[in-house]
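What follows is a set of notes on a single structure, which appears directly below.
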Amino acid sequence: MEFKKCARCGSFFLSDNEVCPKCLPKDKCDISKLTNYINNNNITDFTIANLSQNTGITLKNINRYLNSNSIPKINL
Ligand SMILES: [Zn+2]
């Protein structure tokens with residue numbers, strides 16, 4: 001385990017995750033929202049900006065989920 005800075009709120013915590021225990025449920029919520037959105041729509045039409053606008057999830061977080069393969073791959 002490493003001492004890390006939370007990718008969401010910036011607080012320090014000790015864990016193998018990218019976010020602190022307080023933000024973990026928020027990440028899970030965002031990921032299921034994005035996954036549902038991607039699965040229920042035509043994937044080829046997406047841009048990250050588009051996804052962000054339609055789901056209310058920040059570009060920074062979407063990029064983080066994409067990099068960690070937490071959400072389905074989209075064509076950008
Ligand atoms: Zn946090």
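The first residue of the sequence shown is numbered 1, and numbering continues consecutively from there. Since the structure is predicted, the reported quantities are computational estimates derived from the model, not experimental observations.
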So which pairs with a foot in residues 4-35 pass ring pair (Phe, Tyr, Trp, His ring centres under 6.0 Å), sequence neighbours left out?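 Found Phe3-Phe12.
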Enumerate the salt bridge (Lys or Arg N to Asp or Glu O under 4.0 Å) contacts for residues 25-38, please, sequence neighbours excluded, ordered by first and then second residue.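 Listed by first then second residue: Arg8-Asp27, Arg8-Asp30, Asp27-Arg64.
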Looking at [atom1] of [X] and [atom2] of [Y], how far apart are the two atoms once the value is rounded to the nearest 0.5 Å?
| X | Y | atom1 | atom2 | answer |
| --- | --- | --- | --- | --- |
| Asn39 | Ile71 | CG | CD1 | 10.5 Å |
| Asn41 | Asn36 | CG | CG | 10.0 Å |
| Asn63 | Ile48 | CG | CD1 | 4.0 Å |
| Cys6 | Leu24 | SG | CG | 9.0 Å |
| Asn61 | Thr55 | CG | OG1 | 10.0 Å |
| Ile38 | Asn54 | CD1 | CG | 11.0 Å |

Quick one: do Ile31 and Val19 end up in the same hydrophobic cluster if we chain Ile, Leu, Val, Met, Phe, Trp and Tyr together by side-chain heavy atoms under 4.5 Å apart?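 Different clusters: Ile31 never reaches Val19 through Ile, Leu, Val, Met, Phe, Trp or Tyr contacts under 4.5 Å.
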Cluster link Tyr65 to Leu51, ILVMFWY, side chain under 4.5 Å: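 Yes, Tyr65 connects to Leu51 through the hydrophobic network.
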Minimal non-hydrogen separation, Ser52 against Leu59, with atom names: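 Taking every non-hydrogen atom into account, CB-CD2, 3.6 Å.
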Could I get the full list of side chain to side chain donor-acceptor pair (under 3.5 Å) partners for Asn17, not counting sequence neighbours?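 Applying side chain to side chain donor-acceptor pair (under 3.5 Å) to Asn17 gives Ser15.
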Flag, side chain of Lys4 to backbone of Asp16, donor-acceptor distance under 3.5 Å: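 Such a contact is found between Lys4 side chain and Asp16 backbone.
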